[in-house]
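Just below is one structure, and these are the notes that go with it.
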Amino acid sequence: MVGAVEEAQLNRLENQVDNGGGGAWEYLCLVRKLKVRRSEKVLKHGLSILNDPKQRSKLGGEEWTLYEQVAIAAMDCQCVDIAKDCINALQRKFPESMRVGRLKGMLLEARGSWKDAEVAYSSLLEDNPLDQVIQKRRVAMAKAQGNISGAIECLNKYLEIFMADHEAWRELAEIYVSLQMYKQAAFCYEELILCQPLVPLYHLAYADCSAAIAQLSKGRNKEDKDSSELHTLAAKTLEKEYKQRSLTKLPLLTATLRNLKLPS
Amino acid sequence: MSFGFMIGVFGVLILAHAAYSTIQYRSLLKILEEEFSGLPMNVVGELLLGLVFCMWAALTVPGKFLSILPYSEENRIVSLPDNLDFMVFNHRGKVFPSKMDLKLKR
């Protein structure tokens with residue numbers, strides 16, 4: 001969870017590193033801790049550390065974690081060669097490792113060779129059938145190929161075994177919302193709220209889902225007054241949240257729309 | 001920080017000295033065969049002084065305290081972490097040309 005203090009620190013470090021000040025390693029550690037996805041910057045600054053042998057030897061044992069981070073960032077930015085070099089370096093150091101095997105599978109995914117990636121993941125799962133991350137990668141692969149129903153099936157099977165994984169519940173909820181299956185998404189969000197009741201963003205997402213369900217069923221069922229209290233509360237919370245967030249952006253939006261000229 | 005640390009060390013030394021004085025006072029009482037009813041006033045004063053110094057050092061040396069209220073402004077959760085386990089690589093970022101010709105030197 002990214003708090004307000006951590007976000008300010010991240011932005012400050014990012015500005016500092018972008019403008020030439022030091023602290024690239026601190027920035028990379030913070031990105032890794034907060035699990036944000038800033039692949040371009042990670043790639044740029046990570047490579048600058050790795051290409052400098054003095055800074056690399058200063059890291060000691062942590063340079064391999066940096067190799068992994070830079071490899072994933074390179075795959076995200078479509079620089080497959082850099083990723084391949086990093087993975088080769090890791091392979092030389094840790095020849096029989098599961099993590100390196102997983103990275104090689106991700107490289108095949110990034111190249112687009114889905115069948116080879118599937119084969120690689122299955123062979124890794126044979127040795128270690130209860131590896132969580134590889135099963136999640138299979139779901140991600142199904143999603144990337146556009147096979148959403150296959151992804152949902154895989155994810156449901158995964159959640160039957162690992163019920164406490166909140167990231168997977170969140171992913172399932174987002175997939176259901178993208179397919180407009182709001183009742184199932186509301187169930188997933190309820191699970192999330194049960195695991196982590198102090199995260200306000202899950203409550204807001206749940207309110208969103210309930211409001212959507214209410215709106216969709218308003219036309220069909222005019223006598224349903226009992227469950228509408230939750231939905232009106234949800235709508236009120238959302239209104240407050242939108243007002244708070246859009247206070248600065250609304251004037252900008254109206255000005256842009258006013259200046260927009262439609263081609264006639 | 002080092003000033004607070006010195007005060008802390010000083011406070012611990014005062015407490016140690018007070019302990020030593022108490023032991024000496026008890027051995028004196030054993031010689032005089034009297035009951036150990038209370039400490040002499042200067043030892044009690046020394047104890048209080050040592051307590052004040054140690055408390056002050058303990059509060060100032062560790063640095064800034066973090067807030068524990070979940071709804072204080074500092075702890076307000078701004079965004080959720082991106083689900084990196086489910087990251088896909090065939091997004092629309094492929095059409096942006098990669099501006100850097102960086103390579104990993106080996």
Side-chain angles (χ1 to χ4, degrees), chain A residues 1-8 34-37 39-40 43-44 47-48 50-53 67 70 72 74-86 88-89 106-107 109-112 132-133 136-137 139-141 143-145 151 155 165 167-168 170-171 174 198-202 205, chain B residues 1-12 15 50-106:
Chain A
M1 308 303 147
V2 185
V5 160
E6 288 154 350
E7 192 198 30
L34 295 177
K35 295 199 191 162
V36 284
R37 187 173 177 170
S39 305
E40 257 186 25
L43 185 60
K44 191 163 81 167
L47 273 182
S48 74
L50 286 178
N51 283 339
D52 182 5
Y67 270 116
V70 167
I72 297 184
M75 286 190 261
D76 210 11
C77 295
Q78 301 295 324
C79 303
V80 184
D81 309 317
I82 303 182
K84 201 162 156 43
D85 291 334
C86 291
N88 285 341
M106 280 162 79
L107 184 65
E109 260 188 73
R111 278 215 179 107
Q132 291 190 1
V133 189
K136 287 201 260 196
R137 282 319 302 170
V139 174
M141 225 167 40
K143 196 170 72 154
Q145 288 172 279
L155 199 46
D165 191 354
E167 288 190 5
R170 192 178 141 209
E171 185 67 26
E174 288 177 5
L198 288 182
V199 177
L201 301 163
Y202 292 146
Chain B
M1 183 240 142
S2 62
F3 175 61
F5 192 61
M6 287 299 128
I7 296 271
V9 169
F10 195 49
V12 169
L15 285 178
L51 173 72
V52 164
F53 279 171
C54 284
M55 290 271 291
W56 192 86
L59 289 175
T60 33
V61 164
K64 188 168 181 302
F65 285 110
L66 298 171
S67 151
I68 54 172
L69 295 171
Y71 39 82
S72 72
E73 179 54 32
E74 303 149 346
N75 288 343
R76 180 176 60 95
I77 293 182
V78 166
S79 61
L80 289 168
D82 313 314
N83 252 344
L84 291 179
D85 287 330
F86 292 105
M87 182 160 58
V88 281
F89 299 114
N90 64 340
H91 45 73
R92 287 181 268 182
K94 263 196 279 206
V95 295
F96 289 123
S98 137
K99 309 176 198 108
M100 340 173 251
D101 312 298
L102 293 179
K103 266 202 230 294
L104 186 68
K105 295 201 196 104
R106 182 29 82 173

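Lettering follows sequence order; numbering is per chain, from 1. What you see is a predicted model; the values in this text were computed from it and never measured.
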So does B:Ile68 have more than 12 non-hydrogen atoms from other groups sitting under 6.0 Å from CD1?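 No - once you tally the heavy atoms of other residues, nucleotides and ligands closer than 6.0 Å, there are 12 at most.
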* **Pairwise side-chain contact, B:Met87 with A:Ile72, heavy-atom cut-off 4.5 Å (strictly under)** => yes
Looking at [options], which has the largest count of heavy-atom pairs under 4.5 Å with chain B?
options                              : value
A:Leu50, A:Leu201, A:Val133          : A:Leu201
A:Asp85, A:Val5, A:Asp76             : A:Asp76
A:Glu7, A:Glu109, A:Arg137, A:Met141 : A:Arg137

Fill in: Heavy-atom closest contact (B:Asp85 atom, A:Glu167 atom, distance)
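Taking B:Asp85 first and A:Glu167 second, the nearest heavy atoms are OD2-OE1, 3.0 Å.
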Per-residue contact mode, [X] against chain B (heavy atom under 4.5 angstrom):
X        : answer
A:Ala168 : both
A:Leu155 : side chain
A:Val36  : both

Should A:Arg170 and B:Leu80 be marked as a side chain to side chain contact (heavy atoms under 4.5 Å, CB included) after you check the CA-CA gap, both sets of side-chain angles, and the distance that decides it?
CA-CA 10 Å; A:Arg170 192 178 141 209; B:Leu80 289 168; 3.7 Å; yes
For the pair B:Asn90 and A:Gln145, evaluate side chain to side chain contact (heavy atoms under 4.5 Å, CB included) and give the outcome as yes or no after the intermediate values.
CA-CA 9 Å; B:Asn90 64 340; A:Gln145 288 172 279; over 6 Å; no
At what distance, to the nearest 0.5 angstrom, does [atom1] of [X] lie from [atom2] of [Y]?
X        : Y       : atom1 : atom2 : result
A:Glu174 : B:Asn83 : CD    : CG    : 6.5 Å
A:Met75  : B:Phe89 : CE    : CZ    : 5.0 Å
A:Lys136 : B:Leu84 : NZ    : CG    : 10.0 Å

